[in-house]
Colleague: 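Can you keep this structure in mind? I'll have questions shortly.
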Amino acid sequence: MDIPALDVVLRWTHIVAGIVWMGHNYSNVVHRPTFEAMAPGQSAEATGALVMAALSREHAVFRYASIVSWLSGMLMLWQRGFLVDALTLTGYHAVIGMGAWIGTAMMLNVWLVLWPHQKKVLGFVAATSEERGRCARVTFLSSRTNTMLSVPLLFFMAASQHGLSLFG
Amino acid sequence: MRTPLDSVAGTLLSGFLLTGLLFAIVRALMAR
């Protein structure tokens with residue numbers, strides 16, 4: 001059975017589910033790199049410091065992974081010789097080009113919208129509770145925007161290799 | 001103000017609708 005649309009939908013589902021699954025796993029690796037038994041007498045300050053260190057590490061991995069992901073994608077297009085055609089949405093390179101533009105918007109969203117506000121929400125930068133409340137709403141919407149954008153991004157990634165026939 | 005992004009279903013539905021819209025745009029671009 002060879003149905004192009006089914007192939008793309010299955011591939012899209014495969015990638016999204018794989019990211020949800022392993023994304024949680026990687027997140028756990030960053031959050032708890034090694035097993036640490038619970039210390040019953042640990043002070044609140046010590047626990048707080050550990051939590052802040054973990055938060056800081058997690059957010060840094062998250063942010064820099066967005067740059068590595070974006071840059072490796074752009075380099076992939078460049079070394080294949082169709083970076084310009086992709087970014088100018090020319091011919092069948094328009095499919096991966098659309099993915100590249102969505103990915104660029106997502107990476108910029110992390111660095112220019114989410115991170116400046118998230119710093120205040122997480123307490124890395126001092127802010128009033130009112131300001132933190134406002135920033136929490138902005139980071140929430142910024143984060144959910146990227147969740148939403150990942151759906152078409154992953155579709156175009158999958159379709160650029162396995163679904164060109166869908167585009168006529 | 002509540003937005004579609006305030007629920008998981010709304011977020012995913014927005015993603016699918018956007019996919020359809022962008023798909024139509026890329027398809028039209030390729031048909032030129």
Side-chain angles (χ1 to χ4, degrees), chain A residues 4-5 8-9 11-13 15-17 19-20 82 85-106 109 113-114 134 136-160 163-168, chain B:
Chain A
V8 175
V9 168
R11 204 167 290 270
W12 189 15
T13 306
I15 295 170
V16 173
I19 287 173
V20 171
F82 50 72
D85 279 357
L87 294 181
T88 53
L89 305 175
T90 304
Y92 62 88
H93 295 309
V95 180
I96 194 60
M98 183 56 83
W101 278 116
I102 299 170
T104 302
M106 289 169 68
N109 183 19
V113 182
L114 190 133
R134 187 187 72 81
R137 179 65 178 156
V138 175
T139 54
F140 174 84
L141 289 174
S142 167
S143 169
R144 287 300 180 276
T145 299
N146 270 3
T147 309
M148 188 260 285
L149 289 175
S150 74
V151 176
L153 168 68
L154 295 171
F155 168 77
F156 284 105
M157 275 174 64
S160 71
L164 287 179
S165 60
L166 296 176
F167 293 84
Chain B
M1 187 185 72
R2 271 185 72 82
T3 71
L5 298 180
D6 281 287
S7 75
V8 174
T11 301
L12 293 179
L13 187 61
S14 302
F16 284 116
L17 290 175
L18 185 63
T19 302
L21 176 69
L22 295 176
F23 173 78
I25 290 173
V26 172
R27 209 177 138 92
L29 277 173
M30 286 172 67
R32 279 186 310 183

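In what follows, every heavy atom counts, from backbone to side chain, and hydrogens, waters and symmetry copies are set aside. Just so it is clear: chains get the letters A, B, ... in the order the sequence lines come, proteins before strands, and each one is counted from 1.
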Colleague: I'd like to check the side-chain contact (heavy atoms from CB on, under 4.5 Å) partners of A/Ala100; sequence neighbours left out, ordered by chain and number.
Modeller: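 With neighbours one apart ignored, the set is A/Met74, A/Leu77, A/Leu87.
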Colleague: Check A/Gly91 against B/Met30 and note the closest heavy-atom contact, atom names and distance.
Modeller: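 Between these two residues, the closest heavy atoms are O-CG, 3.4 Å.
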Colleague: For chain B and chain A, what donor-acceptor pairs lie under 3.5 Å, backbone included?
Modeller:
unit_1: B/Met1; atom_1: O; unit_2: A/Arg137; atom_2: NH2; d: 2.8
unit_1: B/Asp6; atom_1: OD1; unit_2: A/Arg137; atom_2: NH1; d: 2.7
unit_1: B/Asp6; atom_1: OD2; unit_2: A/Arg137; atom_2: NH2; d: 2.9
unit_1: B/Arg27; atom_1: NH1; unit_2: A/Leu166; atom_2: O; d: 2.5

Colleague: Got a sec, which residues hit side-chain contact (heavy atoms from CB on, under 4.5 Å) with A/Ile102, two or more places apart in sequence or on another chain?
Modeller: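 With neighbours one apart ignored, the set is A/Met98, A/Met106, A/Leu149, A/Pro152, A/Leu153, A/Phe156, B/Leu22.
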Colleague: Fit a plane to each ring of A/Phe167 and B/Phe23, take the angle between them on a 0 to 90° scale, and name the class: parallel (under 30°), tilted (30 to 60°) or perpendicular (over 60°).
Modeller: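 If you compare the ring of A/Phe167 with that of B/Phe23, the planes turn out tilted.
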